[in-house]
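A quick write-up on the structure given underneath.
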Protein chains: 2
Amino acid sequence: MRPVQPGKLAENTIRSSGHHMTPQRLVILEVLEGSNGHTSAEEIHSHVRSRYPKLHISTIYRALDMLKRLGLATETDLGDGKLRYHLHEKGYHHHLICEKCGRVEDMDESIFTPLKAALRRKHHFHADLRHLAIFGRCQGCA
Amino acid sequence: MRPVQPGKLAENTIRSSGHHMTPQRLVILEVLEGSNGHTSAEEIHSHVRSRYPKLHISTIYRALDMLKRLGLATETDLGDGKLRYHLHEKGYHHHLICEKCGRVEDMDESIFTPLKAALRRKHHFHADLRHLAIFGRCQGCA
DNA sequence: AGCGTGGTTGCGAATAGTTGCATCTTTGCT
DNA sequence: AGCAAAGATGCAACTATTCGCAACCACGCT
Ligand SMILES: [Zn+2]
Ligand SMILES: [Zn+2]
Ligand SMILES: [Zn+2]
Ligand SMILES: [Zn+2]
């Protein structure tokens with residue numbers, strides 16, 4: 001079994017799930033792969049506006065929604081008024097956000113392992129906890 | 001020490017935190033207290049439209065934001081495209097939402113006790129986990 | 001290469017929520 | 001009761017996101 005080439009996983013998943021690969025989706029994926037991993041729809045839009053002036057922001061929203069439904073990306077509200085999208089290829093993690101001072105701390109994904117197990121055991125529920133923002137107070141603002 | 005009368009807790013907290021009590025806020029609180037506990041801004045608006053036709057929806061959003069900041073209410077996205085507000089007086093709980101079939105299961109608040117403790121211990125973070133919606137797959141849709 | 005089907009796009013309108021600002025109210029003080 | 005200051009309201013404009021629909025294009029089949 002040959003490993004999927006970097007950058008091709010999304011494309012393969014899209015095609016094999018009955019979706020079409022389009023130039024729009026290709027350039028949207030390029031931007032996501034070239035970003036820091038917390039990209040908003042509007043940021044994608046302004047990155048591609050010069051090359052594809054007609055690429056409509058609703059197309060970006062629809063592409064992001066598809067990536068989310070295919071399990072390729074997460075959609076997370078980091079508290080700044082816009083949803084941010086993160087490709088799984090870039091690795092799992094979570095965020096602690098202080099709602100007083102705004103400080104953001106990153107967390108390893110392992111923090112949710114016991115919770116996920118408890119939800120499966122007690123509620124037979126398979127929680128999708130891949131890129132969460134947890135709000136609260138940091139040490140200084142407690 | 002006399003116990004706070006039911007329904008007066010919010011009013012007392014608002015006054016003692018330097019905010020004004022207005023007829024608008026009073027009627028918004030009435031609606032919240034008379035509801036099932038998962039009320040949207042638009043629902044409040046249509047409930048009060050007959051009595052207070054001028055009460056603007058932005059006033060409702062601002063009142064709900066204040067209740068949230070004072071810790072009297074939570075704001076939760078239950079996945080139906082609008083934020084829903086829940087008075088704490090009505091008791092703590094959480095929701096498991098299947099993103100395939102839409103089924104919603106309610107959960108006791110105790111499920112997050114270990115997670116909260118871990119976040120305090122390992123990250124010195126006081127997480128506000130009072131009314132969460134967790135998305136994933138239910139048993140039938142796993 | 002040509003064709004049909006079904007998925008996709010651009011666009012404009014709609015929905016949900018936020019913000020700036022002038023005006024008005026509540027509240028504490030006299 | 002009368003006043004000033006701080007806070008709240010209504011409104012309109014604005015941002016973020018979704019949706020309906022007609023035109024369009026990707027992909028599998030021949
Ligand atoms: Zn992240
Ligand atoms: Zn802080
Ligand atoms: Zn609830
Ligand atoms: Zn289900």
Side-chain angles (χ1 to χ4, degrees), chain A residues 10-29 31 38-49 51-70 72-85 99 102 133, chain B residues 10-29 31 38-49 51-70 72-85 99 102 133:
Chain A
E11 197 171 331
N12 290 346
T13 308
I14 289 168
R15 285 184 195 281
S16 67
S17 63
H19 290 281
H20 294 176
M21 184 50 53
T22 65
Q24 290 91 333
R25 290 178 176 176
L26 227 38
V27 68
I28 289 166
L29 279 170
V31 173
H38 298 91
T39 317
S40 72
E42 181 52 44
E43 281 168 10
I44 297 174
H45 197 210
S46 48
H47 275 311
V48 304
R49 200 183 317 244
R51 271 186 296 165
Y52 295 80
K54 297 285 256 340
L55 205 171
H56 200 270
I57 188 133
S58 68
T59 298
I60 296 173
Y61 278 112
R62 281 187 283 233
L64 292 169
D65 185 59
M66 181 196 62
L67 295 176
K68 179 175 55 157
R69 277 183 294 97
L70 293 179
L72 293 166
T74 47
E75 176 187 77
T76 307
D77 174 7
L78 295 178
D80 67 344
K82 43 196 80 175
L83 295 172
R84 296 190 170 272
Y85 296 85
E99 55 201 2
Chain B
E11 197 171 333
N12 290 346
T13 308
I14 290 167
R15 293 194 127 93
S16 67
S17 64
H19 291 281
H20 294 173
M21 183 50 53
T22 65
Q24 289 91 335
R25 289 178 177 176
L26 227 38
V27 70
I28 290 166
L29 278 171
V31 173
H38 299 91
T39 317
S40 72
E42 183 50 43
E43 281 168 11
I44 298 175
H45 197 210
S46 46
H47 275 312
V48 305
R49 200 182 317 247
R51 273 185 295 165
Y52 295 79
K54 300 284 255 345
L55 205 171
H56 201 271
I57 190 133
S58 69
T59 298
I60 296 174
Y61 279 113
R62 281 189 280 232
L64 292 169
D65 185 59
M66 181 196 62
L67 294 175
K68 180 176 51 158
R69 278 184 290 98
L70 293 180
L72 292 165
T74 47
E75 175 188 76
T76 306
D77 174 8
L78 296 177
D80 67 343
K82 44 195 79 174
L83 295 173
R84 296 190 169 273
Y85 296 86
E99 54 198 6

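Scope of the values below: all heavy atoms of this structure, side chains included, with no hydrogens, waters or symmetry mates.
Mapping Pro23(A) and Pro23(B) onto DNA chain C by nearest heavy atom places Pro23(A) closer to the 5' end of the strand.
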Under-3.5 Å N/O pairs linking protein and nucleotides 4-8 of chain D:
residue	atom	partner	partner atom	Å
dA8(D)	OP1	His19(B)	ND1	2.9
dA8(D)	OP1	His20(B)	N	3.3
dA8(D)	OP1	Arg25(B)	NH1	2.5
dA8(D)	OP1	Arg25(B)	NH2	3.1
dA8(D)	O5'	Arg25(B)	NH2	3.4

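To the nearest angstrom, P of dT15(D) lies 12 Å from CD1 of Ile57(A). Across the protein-nucleic acid pair, Tyr52(B) atom OH and dG10(D) atom C1' stand 16 Å apart, rounded to whole Å. Between the NZ atom of Lys82(B) and the C1' atom of dT18(D) there is a distance of 12 Å, given to the nearest Å.
Between Arg49(B) and Glu42(B), at least one side-chain nitrogen of the basic residue sits less than 4.0 Å from a carboxylate oxygen of the acidic one, meeting the salt-bridge criterion. A salt bridge does not link Arg62(B) to Asp65(B): none of the charged nitrogens lies less than 4.0 Å from a carboxylate oxygen.
For Tyr61(A), the listed nucleotide lying nearest its side chain is dT17(D); candidates were dT9(D), dT17(D), dC19(D). Closest to the side chain of His56(A), out of dT17(D), dG20(C), dC11(C), is dC11(C). Comparing atom distances between the Ser58(B) side chain and each of dG17(C), dA16(D), dA12(D) picks out dA12(D) as nearest.
Not a single donor-acceptor pair, N or O on each side, falls under 3.5 Å between the base of dG28(C) and the side chain of Arg15(B).
No donor-acceptor contact under 3.5 angstrom links the side chains of Thr22(A) and His20(A), judged on distance only.
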